[in-house]
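One structure is given here, and the rest of the page talks about it.
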There are 2 protein chains.
Amino acid sequence: MSLVVIGTVAFDALETPFGKTDKIVGGAATYIGLSASYSVKPVKVVAVVGDDFAQSDIMLLEEHGVDTEGLQIKQGEKSFFWSGKYSNDLNSRETLVTELNVLADFDPIIPDSYQDCKYLMLGNLTPQIQRLVIQRLVNRPKLIVMDTMNFWMDVALEDLKTTIEMVDVLSINDEEARQLSGVHSLVKAAKIIQAMGPKYLIIKKGEHGALLFHKNKVFYAPALPLEEVFDPTGAGDTFAGGFIGYLAATDDISFDNMKRAVIHGSAMASFCVEKFGTERLLNLTQEEIEAREQQFADLVAVVPASAVQNA
Amino acid sequence: MSLVVIGTVAFDALETPFGKTDKIVGGAATYIGLSASYSVKPVKVVAVVGDDFAQSDIMLLEEHGVDTEGLQIKQGEKSFFWSGKYSNDLNSRETLVTELNVLADFDPIIPDSYQDCKYLMLGNLTPQIQRLVIQRLVNRPKLIVMDTMNFWMDVALEDLKTTIEMVDVLSINDEEARQLSGVHSLVKAAKIIQAMGPKYLIIKKGEHGALLFHKNKVFYAPALPLEEVFDPTGAGDTFAGGFIGYLAATDDISFDNMKRAVIHGSAMASFCVEKFGTERLLNLTQEEIEAREQQFADLVAVVPASAVQNA
């Protein structure tokens, strides 16, 4: 059930209404890898960093079951850096700094040991690089999940569409679904996007949960109403990591199992936002995760009136 | 199980991206009454109209099980009139005209035959008039549900709080919950608002569903992802009518039954938005309603992995 993840491994500097951080380890592949590692190990990462990335940071990933053989370290270069500041209600954020650094000419090299890839997670990255990874795998994985963002719709739409056509599951947020499809109704958007290639579409709605579409079927995963969101950074990646990790661990890509994977991913994301950056993802227990999944189940549980009458 | 509803019975003129109407019958009590009538009959309405309200309009309500004994008809005066225009995405609306007319000096008279009231629905109206209805009932109803809106928070906050303190269930939308509580987190807002009096709080989130809070418990009712929303007018009132109608019909105000009532109300609201005004609420069948409720159940249904393993 080998799981390969491509994405950024980077430094982030975050500012939320609750505080700010110096440069901390972040990036899509970091969140995806840590999140998936609670379901399946190792998580084989393809990414690139500069020599500013500490050996201890790499060790931290390795200790969590993230295989870093595919993590290129570019001597004399700096890691991708992103700095952002969230609004008071955490619903919007402003990018303060984006330094591409090593990402500017990232050539994703797939180690031979990754060629057993059965589950492939394409974290948010240039669509052309995401595509390269698919092309460089000798065998087409059983399932390819792709995350992307509005930025690529703005600057590389045709390139993006070419990659989208090659994947099984696309994971984007509601505004991105509207932008990509050109329609407001998410039900209509789901049809249009499925016609672009992906047989499954996940539309993430943040505090409003997530929708999973497949043909004419739809599943609604709620979000857990949280007393406080501390830092939303990485929530979408953590969701994606939990989703594909669950599928890889169970090796079952039925629609019913994808529903469970969406709930698992949502549970993982609900942990992520409780602390800065990846902090909360570093020492979860299976008991905590299962208890959180149970909270999601309880949240929507209704005892049918007929069951009461029959009791 | 007598159900009494107070609210506006009025004329609306609506404009959505899909078309516009002349003056049609609307108002909170109309939507609440029609919606509740599918659960319990009669629905006893307290409201006021002018002599521009046609006898045929009153007959229409009566035919649907709405008792209009408490509907005052003011000769020589005009009914409340509201005209609004929705934005292209239907997420916002502009009020074009508000003519209070008969509402300006509405004195809610409770017919003797309404004094058996066990379930009371206070549709959106001046908080002082909502309160008068409670005071004019000889016996305190078993359950009082109150709907209101941000307008009263802007212009009559203390008056509103006095009424809120007297009710069991408050039904408002997410922005109103934030305004009323002064906090952004809906979980925190729910605690603050429950401390104001209502033991139960419903937070409506439109296309994102609804939350039901009670003490430290929370229930998340999804909204059905719809291909097209035609006209959102009255959706909140239809929800409230379905909610209290279901409770009155089952005469069970447990938290578990309130969950079912929220799903029923959500199902009724999902019909309401399919056509202009009350049109879709005029000829639903019980089969259609049950099928829609099943869609809500299916939307969030997950077969636990353990059930699969044991199967």
Side-chain angles (χ1 to χ4, degrees), chain A residues 17 87-91 174 178 183-191 203 205-209 211-213 217-229 246 249-250 252 254 256-264 293-309, chain B residues 17 87-91 174 178 183-191 203 205-209 211-213 217-229 246 249-250 252 254 256-264 293-309:
Chain A
S87 64
N88 276 336
D89 63 7
L90 296 169
N91 279 341
D174 43 0
R178 288 177 171 131
V183 299
H184 184 79
S185 156
L186 295 181
V187 177
K188 286 186 177 175
K191 286 183 183 163
I203 299 182
K205 304 199 298 170
E207 62 167 325
H208 305 302
L211 296 166
L212 170 66
F213 292 92
K217 291 183 283 193
V218 55
F219 170 65
Y220 193 130
L224 205 63
L226 297 171
E227 187 133 348
E228 203 74 87
V229 169
Y246 187 95
T250 52
D252 172 359
S254 67
D256 275 339
N257 202 48
M258 284 200 189
K259 293 180 184 179
R260 292 189 283 269
V262 167
I263 295 292
H264 176 76
E293 288 173 344
Q294 189 58 49
Q295 279 186 275
F296 275 82
D298 293 344
L299 194 58
V300 297
V302 181
V303 182
S306 56
V308 178
Q309 284 154 12
Chain B
S87 64
N88 277 335
D89 63 6
L90 296 170
N91 278 340
D174 43 359
R178 290 180 169 127
V183 298
H184 183 78
S185 156
L186 295 181
V187 177
K188 286 186 176 175
K191 287 183 183 163
I203 299 183
K205 304 199 298 171
E207 63 166 324
H208 304 303
L211 296 166
L212 169 66
F213 291 92
K217 291 184 281 192
V218 56
F219 170 65
Y220 193 130
L224 206 63
L226 297 171
E227 187 132 350
E228 203 75 86
V229 169
Y246 187 94
T250 52
D252 171 358
S254 67
D256 275 340
N257 201 48
M258 283 201 190
K259 293 180 184 179
R260 292 189 283 268
V262 167
I263 295 293
H264 176 75
E293 287 173 344
Q294 188 58 49
Q295 278 186 276
F296 276 82
D298 293 344
L299 193 59
V300 298
V302 181
V303 182
S306 56
V308 178
Q309 283 153 13

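Labels below follow one simple rule: chain letters A, B, ... track the order of the sequence lines, proteins then strands, and each chain is numbered from 1.
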- Note on the structure: Cut-off 4.5 Å, heavy atoms of chain B, and the answer for A/L224 is neither

- Engaged part of A/A301 at the chain B interface, taking heavy atoms whose separation is under 4.5 Å: backbone

- Note on the structure: Assert top hit (heavy-atom pairs under 4.5 Å, partner chain B, pool A/E227, A/K188, A/K191) equals A/E227

- Residue part contacting chain A, namely of B/L226, when any heavy atom lies under 4.5 Å: backbone

- Rounded to the nearest 0.5 angstrom, the CD1-CD distance for A/I263 and A/Q295 is 12.0 Å

- Note on the structure: Tightest non-hydrogen contact, residues A/F213 and A/V187, listed as CE2-CA, 4.3 Å

- Which atoms of B/A189 come close to chain A, meaning under 4.5 Å heavy atom to heavy atom: side chain ones, backbone ones, both, or neither? neither

- Query: Checking heavy atoms, do the side chain of B/E207, its backbone, both or neither come under 4.5 Å from chain A?
  - Reply: both

- Task: Give, as side chain, backbone, both or neither, the part of B/A297 having an atom under 4.5 angstrom from any heavy atom of chain A.
- Result: neither

- Does the side chain of A/D256 come under 3.5 Å of the side chain of A/S254 through a donor N or O and an acceptor N or O? no

- Checking heavy atoms, do the side chain of B/Y246, its backbone, both or neither come under 4.5 Å from chain A? side chain

- Query: How long is the span from the NZ atom in B/K205 to the NZ atom in A/K205, to the nearest 0.5 Å?
  - Reply: 8.0 Å

- Message: Treating A/R178 as the side-chain partner and A/L186 as the backbone partner, does any N or O pair qualify as donor plus acceptor under 3.5 Å?
- Response: no

- Taking B/Y220 for its side chain and A/H208 for its backbone only, find out whether a donor-acceptor pair lies under 3.5 Å. yes

- Query: Would you say the side-chain atoms of A/N257 pair up with the backbone N or O of A/D252, donor to acceptor, closer than 3.5 Å?
  - Reply: yes

- Checking B/L90 against chain A: side chain, backbone, both or neither under 4.5 Å from a heavy atom? neither

